[in-house]
Structure formats: structure tokens, C-alpha cells
There are 2 protein chains.
Amino acid sequence: MELSRTAYVILGMLQLGKRTGYEIKSLVDVSTRFFWAASYGQIYPELARLEKLGLVRGQRDPDDARRRKAYHLTEEGRRALRDWLTSSEPLHLELRHEGMLKLFFSDGLPREEQLAQLRAMRAAHAEVGDQLRSIEAEVRAARERTGNQCPYRVLRLGIEYEDFLVDWCERAERELVGRAVSAC
Amino acid sequence: MELSRTAYVILGMLQLGKRTGYEIKSLVDVSTRFFWAASYGQIYPELARLEKLGLVRGQRDPDDARRRKAYHLTEEGRRALRDWLTSSEPLHLELRHEGMLKLFFSDGLPREEQLAQLRAMRAAHAEVGDQLRSIEAEVRAARERTGNQCPYRVLRLGIEYEDFLVDWCERAERELVGRAVSAC
DNA sequence: CTGATCATGTAATTCGTTACATGATTCC
DNA sequence: GGAATCATGTAACGAATTACATGATCAG
């Protein structure tokens, strides 16, 4: 039974407890989004599919006028998640980075424009880094509360990842400026 | 006139000279692929679209039984590429990283399995790093030959990027192993 | 009472991959 | 002669986003 990666995002989020589609989306938006995004247009249909497959079960509270439907993992769902986590299939690794793409084609552009590109790329990564740092204390607190190490560990990876790219941009900017000066 | 990013990959490759769809694909596969992939299924239809828009022009050599069609940039195409390179629209930055996703959901997995995940992720990045290093001398030589700095600069970024992730995995592995030892 | 947010879903569209079909050329 | 590679394309499919529709609840 082949599932999409986004299906595993859902199973993973449900492993942490009963949740509605809306809650899953909110969680994704402050956590996995940075390395695996998901939209409503995927989440709701995927929940229906997973329920048909028997991997999750959803229950609607009849008293709830908002017709919220909270899903939880079944035993089969828990097994599917575990199988994926421990499988040794090649990892899906995909990067689409317009900043690097522009940089690649920038020979022939004036130095000022190349610098502007690097600064834009640096700003974008600095901003994501700031976003991640702004939730760091909260995620660390959740780690102490729940004992779950992984989300904080991955958050730290995200912060260091953004820092690496910011640093690379800075170095490339200095290198470009350095050339300009020595050419005078 | 809104173009897809992949259209700009094509325009960028044609900036370097006249090329067939096949040649563009081959070039992408050893260069931009690592931060912007493209398949035949995109390249050929996109070339036709760009020709209809007047941004590229393709010519078939009547003597060539292989019916090769080599494209080159028009003035309009050159302008479209330049506009994109110097535009300050927000950058499309997207990462889909199954390794980080698994890591995120791995609380509850035995330490051995968590270690196996980290090793798999490290191996994947080490392999890409090796691929990039294997073309480094060639790309550096092309830089000396053509004077184009950018492809080599971006290649260096790719190598350092993979190194960073390999290093992060190593540190995370050591941290996990360290805990195991101190728990004894 | 009003705007923000909670909540569920669908439809249209875009982007991209994979697989297939077809045939020429080159290298051994 | 046969395999690898050059070369162009299309069709089917899958993955994901965006926009839309609809309505309840909550905080001020």
C-alpha cells in the first residue's frame, strides 16, 4: 500500500493525539511546513482516503454544530507510520530555490545587480531563521513537558540551516565587494 | 507576461548559446538540477510555448535526418531573462525533505532506528556531495576558459550545503550515541 | 454586532514526473 | 550487427496550490 508523503505527515500528526483537519493544517504550518508543506486541498481529501483505507478513524460529535470531525490513528495506521519511519527506501529530497537559480545565470549582470540578488536571498533566509527562532523557547518547553526530543532537534536543524545560508550569502557578498575594490 | 521558473531555466541555458531541447535537459541534469530540476515533459512543451511568445526561435537543419531543432534567444527573450534576474519579486523557496520529516516524527522509535535514519540521511547528502565534487575541476576549468564565475560559485554553494547537512547528521548521531552511553 | 478565527470541503488549475512511441547515429 | 546514446515529442497521471463556498463561534 503506497501512500503519499503528505499522508505520512497526517499520520505523524495524529500519532501525537486526536486532531481535526483544521488542527493538522495549523500544526503543519508551524512545524513541518519548512521541509514539507501541505494545504487544505491535500489534507481533507487525504483524510477521507486514509479513513477509507482504515488507517485513521474520524468521529463527529453530534452535539457540535460546527460539525468538527476529529481523527485518530487506528492500529493499522500506527503500523503504516512505523513501517514508513523504519523503511530504507530512498529518501525523497527536493529543493526548488529560485535564488540559487538566479545566481547561476547571473554572469553578465552588473556587480550591483548580483549584490542585490545575494542580499535578497540572504534576507529571505534571515527572515525564515527569525521565524524559527521566535518559536524556539516554546518548542523547547514542549520538549520538557512531553519528553519528545525530535521536534526540537529538527527545529535546531532548521535554524542552523538558515544560518548556514545567511552566512554563505554574506561571504559571497564580501567576495564580490572585495573584487570591486581591488579592481579600482 | 508571467513565465514559469522552468521557462527561465530554459532562457538561462539559451543565454549561453544555441541549444536543442535534448542539450538543455543534459545541461540541467548536471547543473541546476540540484536546486531546480526539469524533465523532457516540461522542456519540449515549454520551448514551443516560448517560441510562440517570441522569446526563443528554433531552427531545424533540413539536411539533418535526426530533425534536431536548435533554439536561440531573441532580443525579447534576452530582455525577459534580464527582467526576471533583476526583479525583486519574492523568491520561490521550497524544500521537500523526507529525511527531516521522518526525523520529526521519530519520538517513540528505538534509538537504533533513529540512528539508522540519521545515517541514511547522511549517506544521501554525502552522495550528492560526492557527485558535485566529481565535477568541480571541470566546472572550475570552464570558469577559467569562459570567465563566467557564477556556475562555479553556485557549485561551491552546493558542496558546502551538502557538507553542512552531513556534518549536522554526524553531530546528531554522536549526540544520540552519547546519551545511550551515559544511560548505561 | 462585527470581525477574526474556527471549521470543512470542492473545483479549477498549474506544475511536474513517468512512461511510452519513434527513429537516427555512434561506438564497439 | 547490436547496444548505447542522441533526439523529439505526447499522454496519462500525480501532487499540490489557490480560490471559492459555506457556516459556526468567540472576543471585543
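Protein chains get the first letters and strands the later ones, always in sequence-line order, with residue 1 at the start of each. None of the values given here were measured: they were computed from a predicted structure.
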Checking contacts here: which listed nucleotide (C:dC6, C:dT18, D:dT17) is nearest the side-chain heavy atoms of B:S39?
C:dT18
Can you sort out which residues in residues 7-25 of chain A have a heavy atom within less than 4.0 Å of DNA chain C? Ascending by number, please.
A:T20, A:G21, A:Y22
How long is the line joining CD of B:E46 and P of C:dG16, in whole Å?
9 Å
Charged N to carboxylate O below 4.0 Å: is that the case for A:E112 and A:R119?
yes
May I ask you to say whether A:E51 pairs ionically with A:K69, meaning some side-chain N is under 4.0 Å from a carboxylate O?
yes
Whether the side chain of A:K102 engages the backbone of B:S87 through a donor-acceptor N/O pair (distance < 3.5 Å, no angle test) should be reported.
yes
Spacing between A:R49 atom CZ and C:dT10 atom P, to the nearest angstrom:
11 Å
Describe the nucleic acid contact of B:A37 in one word from base, sugar-phosphate, nothing, applying a heavy-atom distance below 4.0 Å.
sugar-phosphate
Rounded to the nearest angstrom, tell me the gap between atom CZ in A:R33 and atom P in D:dA16.
16 Å
Which nucleotide sits closest to the side chain of A:R68: D:dA24, C:dT8, D:dA7?
C:dT8
Starting at CD of B:Q59 and ending at P of D:dT8, how long is that distance when rounded to a whole Å?
14 Å
Between C:dT17, C:dT8, D:dT25, spot the one nearest the side chain of A:R96, thanks.
C:dT17
Whichever of B:E94 and B:A70 has its nearest DNA chain D nucleotide further upstream toward 5':
B:A70
Under 3.5 Å, which donor-acceptor pairs link side chains of residues 54-62 of chain B to any protein atom two or more places apart or in another chain?
unit_1	atom_1	unit_2	atom_2	d
B:R60	NE	B:R67	O	3.2
B:D61	OD1	B:D63	N	2.9

Aromatic contact between B:Y161 and A:Y161, with the criterion being ring centroids under 6.0 Å apart: yes or no?
yes
Describe, in one word, how the ring planes of A:H92 and A:W36 are oriented to each other, choosing from parallel (under 30°), tilted (30 to 60°) and perpendicular (over 60°).
perpendicular
Separation of D:dA16 atom C1' from B:L95 atom CG, nearest Å, is 16 Å
Can you figure out which of C:dG16, D:dA16, C:dT17 approaches the side chain of A:Q42 most closely?
D:dA16
Can you tell me if the side-chain N/O atoms of A:T6 get under 4.0 Å from OP1 or OP2 in D:dA16?
yes
Check: protein-nucleotides 9-13 of chain D nitrogen or oxygen pairs below 3.5 Å:
unit_1	atom_1	unit_2	atom_2	d
D:dG9	OP1	B:R60	NH2	2.9

Is any side-chain nitrogen or oxygen of A:R66 closer than 4.0 Å to OP1 or OP2 of C:dC6?
no
To the nearest angstrom, the NE2-C1' distance between A:H92 and D:dA15 comes to 10 Å
Distance alone, cut at 3.5 Å: any donor-acceptor contact between the side chains of A:E127 and A:H125?
no
Is A:E136 salt-bridged to A:R133, going by a charged N under 4.0 Å from an acidic O?
no
Would you say the side-chain atoms of B:W84 and A:E98 include a donor-acceptor pair closer than 3.5 Å?
yes
